[in-house]
Amino acid sequence: MSYAAYKMMHWPTGIENCASGFVTYCRADFTPQIPLNHSEDLESDWSSRRGIGPVPNLIVTAANVLELYVVRVQEEGTREARNSTEVKRGGIMDGVSAVSLELVCSYRLHGNVESMAVLSIGGGDVSRRRDSIILTFQDAKIAVLEFDDSTHSLQTSSMHCFEGPEWLHLKRGRESFARGPLVKADPQGRCSGVLVYGLQMIILKAAQAGSGFVGEDDAFGSGPTVSARVESSYIINLRDLDMKHIKDFIFVHGYIEPVMVILHERELTWAGRVSWKHHTCMISALSISTTLKQHPLIWSAANLPHDAYKLLAVPSPIGGVLVISANMIHYHSQSASCALALNSYAASVDNSQELPRSSFSVELDAANATWLLNDVALLSAKTGELLLLTLVYDGRVVQRLDLSKSKASVLTSDITTIGNSLVFLGSRLGDSLLVQFSSGSGASTLPSGLKEEVGDIEGDVPLAKRLRRSSSDALQDAVGSEELSLYGSTPNNSESAQKAFLFVVRDSLINVGPLKDFSYGLRINADANATGIAKQSNYELVCCSGHGKNGALCVLRQSLRPEMITEVELTGCKGIWTVYHKSTRGHNADSSKLADDDDEYHAYLIISLEARTMVLETADLLTEVTESVDYYVQGRTIAAGNLFGRRRVIQVFERGARILDGSFMTQELSIPLPNSETSSGSDNSTVMSVSIADPYVLLRMTDGSILLLVGDPATCTVSINSPAAFEGSKKRVSACSLYHDKGTEPWLRKASSDAWLSTGIGESIDSADGGPHDQGDIYCVICYENGALEIFDVPNFNCVFSVEKFASGRAHLVDAYSQESSEDSEKPINKSSEELVGQSRKENVHNLKVVELAMQRWSGNHSRPFIFGILTDGTILCYHAYLFESPDNASKVEGSASAQNSVGLSNVNASRLRNLRFIRVSLDAYTREETSNGTLSQRITIFKNISGHQGFFLSGLRPAWFMVFRQRLRIHPQICDGSIVAFTVLHNVNCNHGFIYVTSQGILKICQMPSTSNYDNYWPVQKIPLRGTPHQVTYFAERSLYPLIVSVPVHKPVNQVLSSLVDQEAGHQMDNLNLSSDELHRTYTVEEFEVRILEPEKSGGPWETKATIPMQSSENALTVRMVTLFNTTTKENETLLAIGTAYVQGEDVAARGRVLLFSIGRSTDNNQNLVSEVYSKELKGAISALASLQGHLLIASGPKIILHIWTGSELNGIAFYDAPPLYVVSLNIVKNFILLGDVHKSIYFLSWKEQGAQLNLLAKDFGSLDCFATEFLIDGSTLSLMVSDDQKNIQVFYYAPKMSESWRGQKLLSRAEFHVGAHVTKFLRLQMLSTSGRTSATAGSDKTNRFALLFGTLDGSIGCIAPLDELTFRRLQSLQKKLVDAVPHVAGLNPRSFRHFRSNGKAHRPGPDSIVDCELLCHYEMLPLEEQLEIAHQIGTTRSQILSNLNDLTLGTSFL
């Protein structure tokens, strides 16, 4: 491997920071500005939310992923709640029936977010101003982002960087810092503070709005919204204020000027001195005057516990600050203070006065907190317990603190309140939860329907149970109810402490991190005969993720594998359709009845072959009824579907169409009309493609014209209509589609009328009369061969939206008429296209046109339409609609009308969708396919309900599922069947909400979606809860079992724990270490280890534990591996399970460990003797790694590695190597080469020689490096050594004894280095798939023996490092250098600086830059076509060559 590519395949999911703020809208949008009469029709979703108050946005970050959500609240009893079909979680509380998160935008940044704050704006509920997001990045970068309505995305409003040579003095000579920059914002939004380099406080002064009268009018009137901005910044050196060790800071409430309270330690203490020197912390309050840049100290409090670590600002009217430490909580304000001891370790300064104690014992050494009410804080402890802290106060004086227990929940990493009744628990260790809470003064507030439950607030209720629960109407059945109620625990409280809280989980975001280890095994439904890329769909990744009670086994599969019900052979298929038929259907099938039609079974399956059509009845059995029906069966069918509320079926073939009622034809049309007076050449034009939207059918003919069939619901007949707008036009249509804007409030209607914005309600008034257009509107989307796109309303065919050059894939689509700066923006593109003519001849781009279009809005109360277009080269464009009313629209239109001097134009403009815009959505999870010219069949099949999911299926060479969750597209490829030619949904008795597809091999398969996986993730995932922490997993292929190490925390009495820490051999008696008797009976938490052997369930259900191997007390299992050993007695190979352990008994006892060998039985019926121990031996030192080396067992025990031979009854050491390693973290073997990584001493490369039975050191890395994982990377005949470290880097070394700089081969040389930005815990070497069948691969470049490394990280991300040949690498590297400047990066981050090796202050010689970053290269496809061509031209290559290289890389690494 001389060159490689770094590619992410699954992005981080572990949420580190979360915050809430009004980012995409302002508070005023929630308060209706016109009086509403509460009639049924006008009950809008905005006005009825008053019970729950204005709900801000939720912002979350996971490593380098930033996501912005809007919280959708569904009131009980409103129309939207009755029509909704989604699974609701948790019943009704406070009149709210469901709350869900909906994605606004998601970004992958070139840098990990260290901390986040929301710069908010005061101004009450009528403020028109919005909040901004402040992000900080290593070492001292700050970016302020605001939401821009016109582009529907986050824009950078200011950037502040305190790095580089001119700011070097801020570090004060230090090189490494314990944490990155920490940002906090003033609650009134006047400023915010960022602590960088541990001692420097940067004050960001906010721009003050509303200084003059005009400004105030803007802020509260109906003017445009303004976001908070940062005006200037300056630095306070806290060292000058005599503060040395700063732990936390916060802005407090209730002062005229911003006041910052800083928690710092005057002089440090340590564990050995705590009994003498314990109360070392203090807080200081500084009044920040941003104009004078002064910061006088206004009050301070000393003698706080040494382990205080967090400040919490108490909201108004109380004010003040809470100081949280491991054993105490202190409250301090300028006038009063009080404390609460949490356990018996809490002590006052001089041990004299008695502290008020909480009624139970708890440790708060890693807690997160937020405020539920202005006097109740919710604390989340390290065990996942939720605690309620109540401040008992009188006026502004806090008299005492009350702590009460609540139920347990997920282990949080951050926690934030959203509005006044929702709280979000963000977690890195489990799924993050959105919880609604309700407070009252007692149990009387419990709704009648809710039974009190003992269950915890857990988000990971098994999916099957959740589905089972939601199907019944009784959502509150006792099994999985997620309610929970909590009361103040002390009986003698005053009234304020007796608040009862009721919690209910409303939504959860899935998380697969932290991935500690994973193993690659076969799926249960694997197909043994698969070859090529389809074979990869046989595998799955079984990952150890989570911690403690959130520990789980995550089964990840990149590609989807349907559950097959039946298959039949069927050759030459061109398309399949299923249609409904119900004879007794009323004429007024309106929308309220359509909701029940979801469960109607399909009646017929229509299969189009090369020269005929088959019709099958989809009753209990699929029976062919081709002869007995009136369908057109003599030729192939182009399309079939239902019309008139499913009362009729329409079947369209090349030269005509038939309308059928069940099996009887009621009307036949021939197309084109024989008497049409069109040009003589049109006689031979036939139907090419069809789009059906009840009651219209749109046909596209081979000559590029379109016809519309108009249905009459009264008579159920259809007439042909050739749209007048296209009669004389010379523009050929390349693709077209009908879009049915369904529902009682059609979405696109908001885009034309200005009512939706000005009234402040979510619904325009004119649609409230409930007329015949309750069915919604129908639009026709058309793409021309020149690449332009137009939207017409049907049946009048007025153009309501048009865009030039849709095919070039710009970032935003804006209606050509309402484009304010249309003159400016069009010119440069035209100019550049003139220059590009020469290039496009070289590269055939001028015939790049859209071959298929689809526009769809899936169900959901606030869903917005998507537009999909497939181009001739296989690119898929995806756009998401949004509304934006530009403030000067009205005047602009009148101006243009008078300039053109025509009255007609202004009339046209009145009906245009001028507020409609589209934003391009990235589809980089999808592998493009180069379509050949022959395949012009429809590839997009939209589905509304396949096992409860909605989206569309893309057939073709690389089929994929595009599913819609929370307005986000999730793309899951399906590669197990190769190419798929036709697809349709099927719902009948035997196949409940399933589907049918036909492969190109001519097999028709009827399938269902696997129900155990969760598809709302980058990859489909199945979580198996373990209720313990998984540490390491391995795979036993013969019986497909997964042995894994699990540790469960157990509470034990202290005396029992102490006795196990004594060295048994020395025979000491346990002296009572001067502990009092009550201290001996306290409990202490100990992790108990075991090895579980799990077997995947055949039906895909929960996995079952086949056997458990417990460890001894205080013995930790460190490694588990399947090893193949050569038995020297029987001369046979045996596959055994090897476990390495260590006794953890404190620092006074010499380290020991055991190696255990188990054989796994072949018998499948009897679980008792599945595992039997064949050998165990105690060794000195911890046994941290094991591997089998040519039939011998290599054991890393403590500071040496020993090679053993296996005699069948015992292990005998035959060779050893006393490496200086302190502790081996990973061990890899290829042939007779050994790579070992040490916890501090980097990597060692050894070889084993059979002749002299020697382990020889070949070379090592002389630097110091804290290794996390190692692995060999094989590229053809070159062997490289890969290592990841604690600074989130990876390095590639190679062994070159002939080179002079390797010190005669003693030193490993660096081949590449790269900053991943996440801790890589495991590498897995997998053979890359050959792409040599492709023409684009240059001869000789494709090596067969080429391996990539798949890796998992602690953030929950998965990626790979794949070798590249030099030509490809040079091409992609020069492209990467161009893209650094060509792509606008979110938050202004530089991708090159992010990928630099981080050495954390240690001396490091930079290695070669020979890894390209696909996270940056993936932006190339998102550029407009003109820019893609321009960049390719600049680096001397072609667009198709670049896309083909990127595609080959994706294909070569699609391992799952």
Side-chain angles (χ1 to χ4, degrees), residues 17-31 53-61 66 68-71 104 113 115-136 142-149 154-158 182-194 203-211 215-216 218-220 224-231 233 249-260 288 290 311-317 319 369-372 374 414-424:
N17 303 298
C18 57
S20 63
F22 290 92
V23 180
T24 60
Y25 42 78
C26 51
R27 287 167 186 270
D29 291 342
F30 284 93
T31 49
V55 182
N57 295 94
L58 171 69
I59 311 111
V60 300
T61 71
L66 169 72
L68 176 60
Y69 289 94
V70 56
V71 182
V104 180
V113 178
S115 64
M116 170 170 67
V118 170
L119 186 60
S120 65
I121 308 164
D125 276 358
V126 288
S127 167
R128 300 284 306 165
R129 298 189 58 202
R130 296 182 181 178
D131 305 343
S132 294
I133 306 168
I134 307 178
L135 303 175
T136 66
I142 304 157
V144 186
L145 302 176
E146 61 181 51
F147 188 75
D148 182 359
D149 279 327
L154 289 174
Q155 305 290 359
T156 312
S157 67
S158 66
L182 178 67
V183 58
K184 299 281 172 76
D186 175 47
Q188 275 90 22
R190 295 163 293 193
C191 69
S192 63
V194 185
I203 302 289
L204 303 175
K205 180 187 177 186
Q208 290 297 321
S211 46
E216 274 167 26
D218 259 1
F220 300 108
T225 54
V226 195
S227 295
R229 299 235 168 128
V230 171
E231 189 180 86
S233 65
F249 74 97
I250 199 144
F251 287 93
V252 291
H253 295 257
Y255 284 87
I256 297 171
E257 281 204 314
V259 170
M260 173 193 289
I288 308 286
T290 49
L311 294 175
L312 207 55
V314 183
S316 304
T370 186
W371 292 93
L372 299 185
N374 61 9
D414 199 1
I415 176 170
T416 182
T417 315
I418 308 176
N420 60 13
S421 53
L422 293 166
V423 65
F424 181 77

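Computed from a predicted structure; not experimentally measured. Values below: every heavy atom of this structure, side chains too, minus hydrogens, waters and symmetry copies.
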Who pairs with Ser157 by side chain to side chain donor-acceptor pair (under 3.5 Å), at least two apart in sequence or on another chain? none
Which distance, rounded to the nearest 0.5 Å, do you find between the CZ of Arg27 and the CZ of Arg129? 12.5 Å
Considering all heavy atoms of both residues, which atom of Val55 and which atom of Tyr25 are nearest to each other, and what is their separation? O-OH, 2.7 Å
If you take all heavy atoms of Ala19 and Val118, which pair is closest and at what distance? CB-CG2, 3.7 Å
Can you list everything that forms a salt bridge (Lys or Arg N to Asp or Glu O under 4.0 Å) with Asp149? Sequence neighbours excluded, please. Arg130
Taking atom types as modelled, find out whether Ser227 and Ser132 have a side-chain donor-acceptor pair closer than 3.5 angstrom. no
Shortest non-hydrogen contact between Pro317 and Asn374, atoms and distance: CD-ND2, 3.3 Å
Roughly how far apart are Ile203 CD1 and Met260 CE, rounded to 0.5 Å? 3.5 Å
Where is the tightest heavy-atom contact between Ala313 and Trp371, given as atom of each residue plus distance? O-NE1, 3.0 Å
Could you work out, with salt bridge (Lys or Arg N to Asp or Glu O under 4.0 Å) as the rule, every residue matching Glu257, not counting sequence neighbours? none
CG-CD1 distance between Leu312 and Ile250, expressed to the nearest 0.5 angstrom: 6.0 Å
Phe147: which residues meet the ring-ring contact (aromatic ring centres under 6.0 Å, His included) condition with it, sequence neighbours left out? His152
With sequence neighbours left out, the residues meeting side chain to side chain donor-acceptor pair (under 3.5 Å) with Ser115 are Thr136
Residues in side chain to side chain donor-acceptor pair (under 3.5 Å) with Thr61, at least two apart? Asn17
Under 3.5 Å donor-acceptor, Asp148 side chain and Leu154 backbone: no
Residues passing the side chain to side chain donor-acceptor pair (under 3.5 Å) test with Thr290, sequence neighbours excluded, are none
How long is the gap from OG1 on Thr417 to CG on Leu372, to the nearest 0.5 Å? 6.0 Å
If the condition is side-chain contact (heavy atoms from CB on, under 4.5 Å), which residues does Ser158 pass it with, not counting sequence neighbours? Val144, His160, Val230
Using the test salt bridge (Lys or Arg N to Asp or Glu O under 4.0 Å), find all partners of Asp131 that sit at least two apart in sequence or belong to another chain. none
Suppose we screen for side-chain contact (heavy atoms from CB on, under 4.5 Å). Which residues come up paired with Thr156, at least two apart in sequence or across chains? Leu145, Met159
Can you give me the closest heavy-atom contact between Val183 and Phe249, atom names plus distance? C-CZ, 4.4 Å
Keeping Thr416 on the side-chain end and Phe424 on the backbone end, is there a donor-acceptor pair under 3.5 Å? no
If I compare all heavy atoms of Ser192 with all of Ala185, which pair ends up nearest, and what's the gap? CB-CA, 3.6 Å
Ala206: which residues meet the side-chain contact (heavy atoms from CB on, under 4.5 Å) condition with it, sequence neighbours left out? Leu119
Pro258: what forms a side-chain contact (heavy atoms from CB on, under 4.5 Å) with it, not counting sequence neighbours? Asp186, Arg190, Cys191, Phe251, Ile288
